[in-house]
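These numbers come from a predicted model, not from an experiment.
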Amino acid sequence: MLLLISPDSVEEALGCERAAEHLDIVDVKKPDEGSLGANFPWVIRQIRDVVPADKPVSATVGDVPYKPGTVAQAALGAAVSGATYIKVGLYGCTTPEQAVDVMRGVVRAVKDYRPDAFVVASGYADAHRIGCVNPLAVPDIARRSGSDAAMLDTAIKDGTRLFDHVPHDVCAEFVRLAHDAGLLAALAGSVKVGDLGALTRIGTDIVGVRGAVCEGGDRDTGRIQPHLVAAFRAEMDRHAREYAAAVAAAG
């Protein structure tokens, strides 16, 4: 399982740089503009410059409307600015067809510029609260559009979390559908250390966190702390070892 950490500024990215050995992907977002709020191109460039070269930088394009051309341009902007993982929140897409339309434009725009870029179609565990596509439709949307990964996050950051809206068995089905389609499965949404056992068992490929590694657990006012990143990674690794041992013993 890969660990994706989301700083919201160059200063926070420097904290990630000090914890680089414990994380896999640095994700640039702007939390005050939404769950997958897009940051400025120059911030992406600056963070790319301070993060070790062997750590990929991800950038969110935003909680996007159903405007395929607009979203494709935004996604290309993120790629040009230095991101190799491009995440799109399908906030304004009310049908799978609309979501596929948006993501096809993103995939073409990004991969025409950089074929090795990694495109992530992101839905929302609390889709019922905002009227967007069903979470379990996202893996097929990602497959049909040529994306590389399917992701779930939470749209409304009000203290509720991933598993509050999508139970463990539904998350497991999401991961299975993604894997069956040849995609990676990413899960986020106020994920805590206590969720790592379940995320490991269901085969999650990427776990995204912010609040869990911020001082006070606050994604908005807290700052990312390198020692919290290290502690979170240590728990990830412990659960991975224990799960592997249990599988070996059962087999």
Side-chain angles (χ1 to χ4, degrees), residues 2-10 12-14 16-17 20 23-93 98-124 138-139 141-153 178 181-186 188 205-206 208 210:
L2 302 178
L3 176 58
L4 178 149
I5 301 292
S6 301
D8 67 356
S9 64
V10 178
E12 277 203 320
L14 288 170
C16 290
E17 189 275 334
L23 58 87
D24 300 292
I25 304 166
V26 176
D27 179 55
V28 186
K29 64 171 56 173
K30 198 168 184 288
D32 62 357
E33 292 195 12
S35 171
L36 295 174
N39 216 319
F40 298 106
W42 51 89
V43 173
I44 299 173
R45 286 197 300 270
Q46 291 168 343
I47 289 177
R48 175 66 279 176
D49 288 344
V50 302
V51 170
D54 64 335
K55 300 296 180 182
V57 167
S58 164
T60 54
V61 175
D63 297 308
V64 306
Y66 175 54
K67 292 188 176 180
T70 298
V71 179
Q73 284 202 34
L76 177 59
V80 169
S81 299
T84 50
Y85 281 60
I86 310 297
K87 291 164 53 185
V88 180
L90 298 168
Y91 192 97
C93 296
Q98 288 183 349
V100 170
D101 197 16
V102 167
M103 292 310 305
R104 279 178 177 160
V106 168
V107 169
R108 178 171 178 176
V110 168
K111 291 184 180 284
D112 278 356
Y113 172 75
R114 183 165 185 167
D116 65 339
F118 196 89
V119 177
V120 183
S122 184
Y124 300 91
V138 176
I141 290 165
R143 178 192 64 80
R144 290 167 59 194
S145 62
S147 300
D148 302 288
M151 181 175 184
L152 284 184
D153 203 332
L183 307 165
L184 295 186
D205 299 299
I206 303 171
R210 175 171 170 77

*For residues Ile47 and Val10, report the shortest heavy-atom separation together with the two atoms involved.*
CG1-CA, 4.0 Å
*Rounded distance [0.5 Å steps], CE in Met151 versus CG in Leu90*: 11.5 Å
_Pairs involving residues 48-84, ordered by first then second residue, that meet ring-ring contact (aromatic ring centres under 6.0 Å, His included) (sequence neighbours left out)_ = none
_Measuring from atom CG of Asp153 to atom NZ of Lys29, what distance do you get when rounded to the nearest 0.5 angstrom?_
5.5 Å
*asked:* Listing request: all salt bridge (Lys or Arg N to Asp or Glu O under 4.0 Å) pairs with a residue in residues 69-79, at least two apart in sequence or in separate chains.
replied: none
*Closest contact, heavy atoms only, Cys93 versus Ala99*: SG-CA, 3.7 Å
*asked:* Could you measure the distance from the CD1 atom of Ile25 to the OG atom of Ser6? Nearest 0.5 Å is fine.
replied: 9.5 Å
*Excluding sequence neighbours, so at least two apart, what forms side chain to side chain donor-acceptor pair (under 3.5 Å) with Arg143?*
Asp140
*Of all the heavy-atom pairs spanning Gly105 and Ala72, show the shortest one and how long it is.*
O-CB, 3.6 Å
*Nearest 0.5 Å please: distance from the CG atom of Asp101 over to the CZ atom of Arg144.*
10.0 Å
*Can you name the residues that form a ring-ring contact (aromatic ring centres under 6.0 Å, His included) with Phe40, not counting sequence neighbours?*
Trp42
*Sequence neighbours left out, what passes side chain to side chain donor-acceptor pair (under 3.5 Å) with Glu17? Give chain and number order.*
none
*asked:* Would you compute the distance between atom CG of Leu184 and atom OG of Ser147 and round it to the nearest 0.5 angstrom?
replied: 11.5 Å
Atom pairs and distances, donor-acceptor, side-chain atoms in residues 50-65, under 3.5 Å, two or more places apart:
{"residue": "Lys55", "atom": "NZ", "partner": "Ala20", "partner atom": "O", "Å": "3.0"}
{"residue": "Lys55", "atom": "NZ", "partner": "Leu23", "partner atom": "O", "Å": "2.8"}
{"residue": "Ser58", "atom": "OG", "partner": "Asp27", "partner atom": "OD1", "Å": "2.6"}
{"residue": "Thr60", "atom": "OG1", "partner": "Val28", "partner atom": "O", "Å": "3.2"}
{"residue": "Thr60", "atom": "OG1", "partner": "Leu36", "partner atom": "O", "Å": "3.4"}
{"residue": "Thr60", "atom": "OG1", "partner": "Gly37", "partner atom": "O", "Å": "2.8"}
{"residue": "Asp63", "atom": "OD1", "partner": "Leu36", "partner atom": "N", "Å": "3.3"}
{"residue": "Asp63", "atom": "OD1", "partner": "Tyr124", "partner atom": "OH", "Å": "2.5"}
{"residue": "Asp63", "atom": "OD2", "partner": "Ser35", "partner atom": "N", "Å": "3.1"}
{"residue": "Asp63", "atom": "OD2", "partner": "Leu36", "partner atom": "N", "Å": "3.4"}

Name each donor-acceptor pair under 3.5 Å that joins a side chain in residues 112-123 to protein atoms two or more places apart or in another chain, with its distance.
{"residue": "Arg114", "atom": "NE", "partner": "Asp116", "partner atom": "OD1", "Å": "2.8"}

_Residues Lys111 and Asp148 bridged, charged N to O under 4.0 Å_ = yes
*asked:* Per the salt bridge (Lys or Arg N to Asp or Glu O under 4.0 Å) rule, what does the pair list look like for residues 65-83, sequence neighbours excluded?
replied: none
*Counting only N and O atoms by type, is there a donor-acceptor contact under 3.5 Å from the side chain of Asp205 to the main-chain atoms of Ala186?*
no
*Lys30: partners by side chain to side chain donor-acceptor pair (under 3.5 Å), with sequence neighbours left out*: Asp32, Glu33
*Does the side chain of Val80 reach to within under 4.5 Å of the side chain of Pro41, using non-hydrogen atoms?*
no
_Show the nearest heavy-atom pair for residues Ala83 and Ile44, with the distance to one decimal._
N-CG2, 4.0 Å
*State, to 0.1 Å, how close Ala150 and Ala142 come at their nearest heavy-atom pair, and which atoms those are.*
CB-CB, 4.2 Å
*Should Arg210 and Asp8 count as side-chain neighbours, where that means a heavy-atom distance under 4.5 Å?*
yes
*Determine the minimum heavy-atom distance between Gln98 and Gly92, stating which atoms define it.*
OE1-O, 3.9 Å
*asked:* With a 3.5 Å distance limit and no angle check, can you tell me whether Asp24 reaches the backbone of Leu3 through a side-chain donor-acceptor pair?
replied: yes
*asked:* List the residues meeting side chain to side chain donor-acceptor pair (under 3.5 Å) with Ser81, not counting sequence neighbours, and say none if there are none.
replied: none
